[in-house]
Amino acid sequence: MEDLRYSPETLVFGADYNPDQWSKETWQEDIRLMKVAHVNLVTLPVFGWAQIEPREGFFEFDWLDEILELLHKNGINFNLATATATPPAWLVRKFPEILPVDFNGVRLEYGSRQSYCPSSPIFKEYTRKLASKMAERYGRHPGLKFWHISNEYGDHVSRCYCPSSSSDFRDWLSAKYATVDAINQAWETKVWGQRYSHMDEIEPPRRSMGPNNPSQLLDFERFSSDAMIELFLAEREVLRSITPNIPVTTNFMSICREIDYAKLASLEDLVTDDAYPDPSDPRHHIIASLNYSMMRSLKKDRPWLLLEQAPSAVSWRNVNVPKAPGQMRLMSYHALAHGSDGVMFFQWRQARSGTERFHSSMLGHTGEDSRIFREVSALGEELSQVGEIVGSLVKSKIGFLVDWDSRWAMRAEESLPSLAYDYMTQLLSWYEALFDINAQVDCVFVTEEFDKYETIFVPTLMMCDVATSRKLEKFVASGGKLVVGPFSGVVDANNGIHPGGGIFQNLLKATVEEPWPLASGENQKISIGEKTYLANTWTELLTSDADEVIAEYASGPLVGNPAVTLSNFGDGAAVYISCVLEKSALQSIFSTVLRVPSTPEHFAEFVTRSNANFDYEFVLNHSPEIVSLRVNRGFDILANREIAGGLRDLSGYGVIILKRARESASERQ
Ligand code: GAL
C-alpha cells in the first residue's frame with residue numbers, strides 16, 4: 001500500500017458536525033461561531049446515508065454540496081465520512097437479512113445505529129456504492145483532507161451470528177485450515193465429542209447448553225475482527241481507486257477488545273481515536289495515558305489524531321459527570337502530549353432531540369455565552385499559537401506488550417482458572433506502576449520487531465506462539481531486559497496448553513506447576529528482601545532454577561516458594577512475576593529493572609514530543625490540586641517565557657510545555 005500521510009500545517013481543532021439536523025440560518029451561525037472557536041476541521045456526514053440517499057438510487061447531495069462550500073469559503077476543512085455507519089431504513093426493509101443476529105440467535109431490530117451484520121455481502125455492496133458516489137462527487141474538493149470510513153467499527157455490534165456470518169466463518173476457517181481434519185485437530189474436538197465430518201456442520205459459537213469449545217471461541221474472535229476489517233477494506237479499495245491521493249482512516253474506540261487495532265491500523269493511513277475518559281474515575285488519566293500510548297504506537301512513524309472527545313459530559317454512562325473547569329483543556333493537552341496532531345470533539349452543536357441531546361457539545365443548548373463554549377474557544381485560540389509541535393513524535397526505549405489474541409483467550413465466556421484475573425485490569429495495574437515512576441512506554445505488538453527497545457514489559461500473555469517466544473528469546477539474548485507477568489505463554493495459537501508448564505521455561509528458567517488463583521478478597525504475602533507486599537487474585541506454584549529469586553511467597557499454601565525470579569539469558573535478563581501484586585511491589589521491581597527511583601503516587605505526567613530540532617516536554621497535572629514538581633529548564637511555549645529548572649508549583653489541571661533545542665536537552669535536575 002502506498003504511504004499516504006495527513007500532515008496538517010497546524011494543530012487540528014474541530015468537531016463532528018451534523019448540519020442536516022439544522023436549518024440553513026443555523027449554518028450561518030455555526031460558521032460564525034466556528035471562527036470564534038478557531039475550528040479548522042470538521043467531520044461530516046457520519047450518519048448521513050438516509051439524508052443523502054432517501055430512496056434507493058435517488059441521491060440528494062445539494063445540502064451537502066452547499067454546506068461543504070460554505071465551510072470551505074470560510075477556511076474550514078473537513079474529513080468526509082463515507083456515511084455508511086448506519087444503513088437507511090429502506091435498505092434494511094428491502095433486505096432484512098442485513099440486520100445482525102446476537103449470540104442468543106435474536107435478530108436485532110432497526111431503530112438505533114450501526115444496524116448491520118459486518119459479513120453481509122448485500123450491506124458491503126451498498127457501502128461500496130455509496131463510497132464510490134462520495135468519492136466521485138467530493139474527491140477533488142480542496143477542503144477534503146482525509147476520508148473517514150464508516151464510524152467506530154464494533155461499537156454496538158461486533159459479533160454477529162447470522163447465516164451470512166456462519167458462511168463467512170466457514171470460508172475463513174477453510175482459508176486458514178484447508179481441511180475439516182485440520183480444524184478437528186486445532187480445536188481438539190475429541191474433547192466432549194465434538195468431531196466434525198464436514199465443514200458445513202460448523203457454526204459460530206452461539207449460545208449452547210454449556211461452555212463452548214475454547215479454540216472455536218478464539219477463532220471466532222479472530223474471524224469477527226477480520227470481518228470488520230474486510231468491511232473497511234471493501235470501502236478503502238473503492239476510495240483508493242477513485243482518489244488515490246486522499247488518506248484514509250476509520251476512527252478507533254480507544255483500547256477496545258473487539259478489533260485487532262494493530263492489524264487494522266496497518267491498513268489505514270492515519271490513526272484516529274475517540275477517547276472518552278470518565279472524569280469521575282480517579283484513575284481515568286492512567287487509562288487515557290495507556291490508550292494514548294497505544295494510539296501513538298499503532299503507527300510509530302507519524303502522529304495520530306484525537307477525532308472525538310467530549311467537551312464535558314457524555315450521555316451514555318449511568319451517571320455522566322461533567323469535566324470540571326480547566327479539565328477539558330488538560331485532557332486535550334494529554335492527547336497532544338502523546339503525539340496527537342490536534343483535538344476534535346463530539347460534537348459541534350448539541351442535538352436538540354434524539355439519543356444524544358444531553359451529550360455536551362462545543363456549542364450547547366444555551367449558546368455561545370456558556371462555560372463550555374468559552375473554554376473550548378480559549379483552547380482553540382491557545383492551540384492556534386502552538387502549532388509548531390505539529391508533526392513531532394514521542395519515542396521510548398521501553399516497550400509494553402499489548403496483544404488481542406491473549407485478550408480474546410481470556411474472555412469471560414472461557415473455562416479458565418479464574419475469571420477474576422482480567423486482561424485489562426492486569427495491563428492497567430502494570431501501566432499505573434510504570435506511570436508512577438515516570439516511565440513512558442511505547443505499546444508493542446507481537447507482529448513487530450523488538451530490537452529497538454531496551455526493556456519490554458509483558459503484563460500477561462496467555463497465548464504465545466513459537467514465533468513470538470523465539471522473538472522474545474532473541475531480544476533477551478542480545479541484551480534486552482524482559483519483565484513477564486503471570487499466566488503467560490500458557491497456550492499455543494490454537495488455545496491448547498503448551499505441555500510441561502509453559503513456553504517460557506527455557507527463557508525464564510521457571511515452570512508453572514499449578515496456577516493458584518486466590519479467592520475473592522484473599523491476599524497472600526510475598527517478601528522482597530526485608531519488605532513484605534501483598535499479592536491478590538492470582539498466584540502460581542513455580543518450580544524454578546532461576547539465577548535469582550527476587551521474591552518468595554511469605555504466607556499461605558505457597559509459603560517459601562519463589563514468587564518473582566530473574567534469569568540471565570544470553571546478554572540480557574528476564575524477570576518473571578508469578579502473581580498479581582499491589583502497586584508498591586510492582587514499582588519496587590520495575591524501578592530496580594529500569595534503574596530509576598521509586599516515587600510515591602502522584603498525578604503528574606511528563607511526556608516529550610520531539611522533531612529534528614526541538615524537544616517539547618509536556619508536564620501535566622492531572623489533579624485539581626496544586627502540585628509541586630521538579631521540572632527541567634526550558635521555554636514554556638504556552639506562557640511564552642523561559643523557565644528555570646527546579647521545584648515549581650503547577651496549578652490544578654495545569655500544563656506547561658517546555659521547549660528545548662535538541663542538542664542542549666538536559667536531564668531532569
Ligand atoms: C462515539 C460516536 C459518536 C458519538 C459519541 C458520543 O462513540 O462515534 O458518534 O455517539 O460516541 O460520546
Side-chain angles (χ1 to χ4, degrees), residues 12 14-22 41-52 78-87 111-116 118 146-158 228 231-232 235 249-259 261 264 268 270-281 284 287-288 291-292 295 304-323 327-328 331-332 335 340 342-365 372 376:
V12 165
D16 271 36
Y17 183 35
N18 291 301
D20 46 328
Q21 295 171 13
W22 301 98
L41 187 88
V42 291
T43 306
L44 75 170
V46 178
F47 299 103
W49 192 342
Q51 301 294 339
I52 293 170
F78 41 86
N79 69 88
L80 271 186
T82 50
T84 53
T86 295
S112 182
R113 62 177 172 182
Q114 226 207 331
S115 21
Y116 60 83
F146 56 91
W147 289 115
H148 167 130
I149 295 183
S150 189
N151 193 64
E152 293 191 344
Y153 283 110
D155 186 26
H156 307 297
V157 177
S158 67
M228 289 179 278
L231 194 54
F232 164 82
E235 285 197 46
T249 190
T250 182
N251 48 342
F252 288 171
M253 292 185 291
S254 299
I255 320 176
C256 95
R257 68 176 292 289
E258 281 72 21
I259 308 181
Y261 279 165
L264 182 47
E268 58 175 7
L270 165 71
V271 170
T272 53
D273 187 45
D274 302 346
Y276 292 94
D278 181 355
S280 73
D281 178 346
H284 73 263
I287 304 170
N291 175 43
Y292 298 151
M295 289 304 147
W304 60 284
L305 182 61
L306 178 68
L307 207 68
E308 285 183 25
Q309 68 164 350
S312 186
V314 297
S315 58
W316 39 263
R317 295 195 169 101
N318 289 349
V319 179
N320 300 294
V321 172
K323 293 178 180 170
Q327 200 172 12
M328 177 278 299
M331 289 164 105
S332 304
S340 172
V343 169
M344 296 187 71
F345 297 91
F346 179 86
Q347 61 176 326
W348 164 252
R349 185 183 276 276
Q350 192 165 22
R352 223 165 55 75
S353 307
T355 327
E356 293 178 318
R357 64 204 191 286
F358 294 111
H359 194 293
S360 63
S361 299
M362 290 176 82
L363 187 62
H365 296 308
I372 296 178
V376 291

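Counting starts at 1 for both ligands and their atoms, following the listed order. Keep in mind that the numbers below use all heavy atoms, side chains included, and drop hydrogens, waters and symmetry copies.
- Ring geometry for W316 against Y276 counts as perpendicular: the plane angle is over 60°, on a 0 to 90° scale with 30° as the lower cut.
- Here Q347 has no heavy atoms under 4.0 Å from ligand 1, in either its backbone or its side chain.
- Counting atoms of ligand 1 from 1 in the listed order, those under 4.0 Å from a heavy atom of F47 are 9 (O).
- In this structure, atom 2 (C) of ligand 1 lies nearest to the protein heavy atom E308 OE1, 3.3 Å.
- The shortest distance between side-chain heavy atoms of P19 and L44 falls below 4.5 Å.
- Formation of a donor-acceptor pair under 3.5 Å by the Q309 side chain with backbone atoms of A275 is not found in this model.
- Inter-residue side-chain proximity for S360 and I372 is flagged as met; some heavy-atom pair is nearer than 4.5 Å.
- Atom CE of M362 and atom CD of Q347 lie 11.5 Å apart (nearest 0.5 Å).
- R113 counts as a contact of ligand 1, since one of its heavy atoms falls under 4.0 Å from the ligand.
- Residue N151 places at least one N or O, backbone or side chain, under 3.5 Å from an N or O of ligand 1.
- For the side-chain hydrogen bond (donor to acceptor under 3.5 Å, both in side chains) with N251, the lone residue among N151, T272, D16 that qualifies is N151.
- For ligand 1, the atoms sitting less than 4.0 Å from at least one non-hydrogen atom of W316 are 6 (C), 12 (O), numbered in the order shown with element in parentheses.
- Side chain to side chain, S315 and E356 fail the donor-acceptor criterion of an N or O pair below 3.5 Å.
- Close approach to F346 involves these atoms of ligand 1, each under 4.0 Å from a residue heavy atom: 3 (C), 4 (C), 5 (C), 6 (C), 9 (O).
- Close approach of ligand 1 to D274 is summarised as follows: ligand atoms under 4.0 Å from at least one heavy atom of the residue are 8 (O).
- Proximity of M253 to ligand 1, defined as any heavy-atom pair under 4.0 Å, is not found for any part of the residue.
- Checked by atom type, the side-chain pair E235/T84 shows a donor-acceptor distance below 3.5 Å.
- Of the polar atoms of E356, at least one N or O is found under 3.5 Å from an N or O of ligand 1, judged by distance alone.
- Here the CZ atom belonging to R349 is positioned 7.5 Å from the OH atom belonging to Y17, to the nearest 0.5 angstrom.
- Atom 5 (C) of ligand 1 has as its closest protein heavy atom Y276 OH, 3.3 Å.
- Of all atoms in ligand 1, numbered sequentially from 1 with element shown, those under 4.0 Å from a heavy atom of E152 are 1 (C), 2 (C), 7 (O), 8 (O).
- In terms of protein heavy-atom proximity, atom 6 (C) of ligand 1 is closest to H359 NE2, 3.1 Å.
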